Engineer: 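Provided herewith is a single structure, encoded as structure tokens, for subsequent inquiry.
Keep in mind that the numbers below use all heavy atoms, side chains included, and drop hydrogens, waters and symmetry copies. Both ligands and their constituent atoms are indexed starting at 1 by order of listing. Bear in mind the structure is a predicted one, so any value in this text is a computation, not a measurement.
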Amino acid sequence: MIRESTVERVRSAKNVFALTGAGVSAESGVPTFRGGGGATVWKGMPFDVISSAQMVERDLAAVWEWFDYRRGVLRELKPNAAHTTLAEWEEKFNDFTLATQNIDGLHAAAGLKDVLELHGTIWQARCLACDRSKSLRDERGGEQPQRPPVCGTCGGEMRPDVVLFGEMLPANVLERAAEAAERCDVCFVIGTSGVVYPAAGLAEIAKRAGAYVIEINPERTALSDLCDETIKGQAGEILPRFQI
Ligand code: BJW
Ligand code: ZN
């Protein structure tokens, strides 16, 4: 299923950039947003409504409920073979950069040291007043933590430290990702439907700069036509086969 010439091209690459999305965590049990013809709905709300900037203003409590629910699910889940292979690649390639749209922390849990989290992280809260953040890792599942959390510095209300629809991505993270996309010889686009911008634009940057773009996805996506090839299949099965 993977051409020998593709394996060779990847093995001899100096600069590799990977853009990942929800599909890379699917084999760990994390639900994707889209794909399979449907879209995630929570308590009757499509995810692009509950995961939006407007909802933080309108109903912060509901936003916390949605992310607390998902954090609860994530606590039980582990990285899969896709995450661990990509963590190994960081050690093996001269220059390897991974930018993820995922907020689940599973790339880091697999040992990847430098993860560019384009859409933030579900494991942190951020103050609406002074922008300071704090970890939510230590909150115990049993007792109900304070919602919204209160900022230890200024006493302001906190929100999940994730990037919702209509919000800017962290500028320094996006900039580093764009630079890596620009200089790579091989770009992987793994487990993303490629419809959310500016993240999807990173594959376009790589392609325009002359990279060979390889998609790994069981389905065709909005980026398939741009890619030099699509390897159809599950990321956790395909990635280890490169044997870098
Ligand atoms: C497998 C698999 C397996 C399954 N192996 N694969 C240009 C044009 C049009 C609109 C815009 C534009 N530029 C910006 C916009 C607006 C908007 C946008 O992109 N909208 C489009 C959807 C139309 N973008 C934004 O609002 C962004 N901000 C922004 O642009 O700021 C500037 C601005 C400010 C003010 C006004 C306007 C602009 C922010 C986007 C933030 C997105 N946030 C979310 C939610 C995060 C929090 C949360 O988790 O709730 O991020 S949305 C959601 O989608 C989440 C994901 O990271 C993101 C991408 O989804 P992803 O990862 O691709 O997942 P899926 O489910 O879509 O796909 C999974 C894939 O996996 C499928 O293809 C499966 O087949 C595959 N798969 N199993 C491999 N085992
Ligand atoms: Zn504060």
Engineer: Pick, from Gly236, Gly166, Gly191, the option with the minimum heavy-atom distance to atom 69 (C) of ligand 1.
Structural biologist: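 Checking each option, the heavy atom nearest atom 69 (C) of ligand 1 is found in Gly191.
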
Engineer: Do Arg159 and Glu167 meet the salt-bridge criterion of a basic N to acidic O distance under 4.0 Å?
Structural biologist: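 Looking at Glu167 and Arg159, the cut-off is met.
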
Engineer: Below 4.0 angstrom, N of the basic side chain to O of the carboxylate: do Arg3 and Glu229 qualify?
Structural biologist: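 Looking at Glu229 together with Arg3, the answer is yes, because their closest N to O distance falls below 4.0 Å.
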
Engineer: Can you figure out which of Gln234, Glu237, Glu167 has its heavy atom closest to atom 28 (N) of ligand 1?
Structural biologist: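 Going through Gln234, Glu237, Glu167 one by one, Glu167 has the nearest heavy atom to atom 28 (N) of ligand 1.
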
Engineer: Decide whether an N or O pair under 3.5 Å exists between Thr192 and ligand 1.
Structural biologist: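 Right, the criterion is met.
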
Engineer: Can you tell which of Asn217, Ile190, Thr32 gets a heavy atom nearest to atom 74 (C) of ligand 1?
Structural biologist: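 Considering heavy atoms of Asn217, Ile190, Thr32, the nearest to atom 74 (C) of ligand 1 sits in Asn217.
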
Engineer: Mark yes or no: Arg9 above the aromatic ring of Tyr212, with NZ or CZ under 6.0 Å from the six-membered ring centre and no more than 45 degrees from the axis.
Structural biologist: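 Geometry flag: set, cation within 6.0 Å and 45°.
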
Engineer: Taking the minimum heavy-atom distance to atom 41 (C) of ligand 1, which of Ile50, Val163, Val195 ranks first?
Structural biologist: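 Comparing heavy atoms across Ile50, Val163, Val195, the nearest one to atom 41 (C) of ligand 1 lies in Val163.
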
Engineer: CG of Leu106 to CG of Asn80: how many Å apart, nearest 0.5 Å?
Structural biologist: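 Here the rounded value is 7.5 Å.
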
Engineer: Which ligand 1 atoms, with their elements, are less than 4.0 angstrom from a heavy-atom of Glu27?
Structural biologist: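 In order of number, 3 (C), 5 (N), 80 (N).
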
Engineer: How wide is the angle at the Zn ion (ligand 2) between SG in Cys154 and SG in Cys127, to the nearest 10°?
Structural biologist: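 My answer is 100°, to the nearest 10°.
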
Engineer: Which of the listed options, Ala39, Ser193, Gly233, holds the heavy atom that is closest to atom 67 (O) of ligand 1?
Structural biologist: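 Of the listed residues, Ser193 has the closest heavy atom.
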
Engineer: Angle at the Zn ion (ligand 2): provide the value between SG of Cys130 and SG of Cys151, rounding to 10 degrees.
Structural biologist: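 For SG of Cys130 and SG of Cys151, the angle centred on the Zn ion (ligand 2) reads 110°.
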
Engineer: Considering the heavy atoms of Ala26, write down every atom of ligand 1 situated less than 4.0 Å from one of them.
Structural biologist: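 This gives 78 (N) as the contact atoms.
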
Engineer: Looking only at heavy atoms of Arg70, does any of them come nearer than 4.0 Å to an atom of ligand 1?
Structural biologist: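 Under 4.0 Å: yes for Arg70.
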
Engineer: Give a yes or no on whether a salt bridge exists between Glu65 and Arg70, defined as a side-chain N under 4.0 angstrom from a carboxylate O.
Structural biologist: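 Between Arg70 and Glu65 there is no salt bridge, as every charged N stays at least 4.0 Å from the carboxylate O atoms.
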
Engineer: Hey, is Arg176 close enough to Glu179 for a salt bridge, meaning N to O under 4.0 Å?
Structural biologist: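 No, Arg176 and Glu179 are not salt-bridged.
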
Engineer: Relative to the heavy atoms of Pro218, which atoms of ligand 1 are at a distance of less than 4.0 Å?
Structural biologist: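 Within the 4.0 Å cut-off of Pro218, ligand 1 contributes 1 (C), 2 (C), 6 (N), 77 (N), 79 (C).
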
Engineer: Say you draw a straight line from NE2 of His119 to CG of Asn102; how long is it, rounded to the nearest 0.5 Å?
Structural biologist: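 Going from NE2 on His119 over to CG on Asn102, the span is 9.5 Å.
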
Engineer: Is it true that Asp95 and Lys14 make a salt bridge, defined as a side-chain N closer than 4.0 Å to a carboxylate O?
Structural biologist: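 Between Lys14 and Asp95 there is no salt bridge, as every charged N stays at least 4.0 Å from the carboxylate O atoms.
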
Engineer: Does only the side chain of Ser51 get under 4.0 Å from ligand 1, or the backbone, or both, or neither? Count heavy atoms.
Structural biologist: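 Only the side chain of Ser51 comes within reach of ligand 1.
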
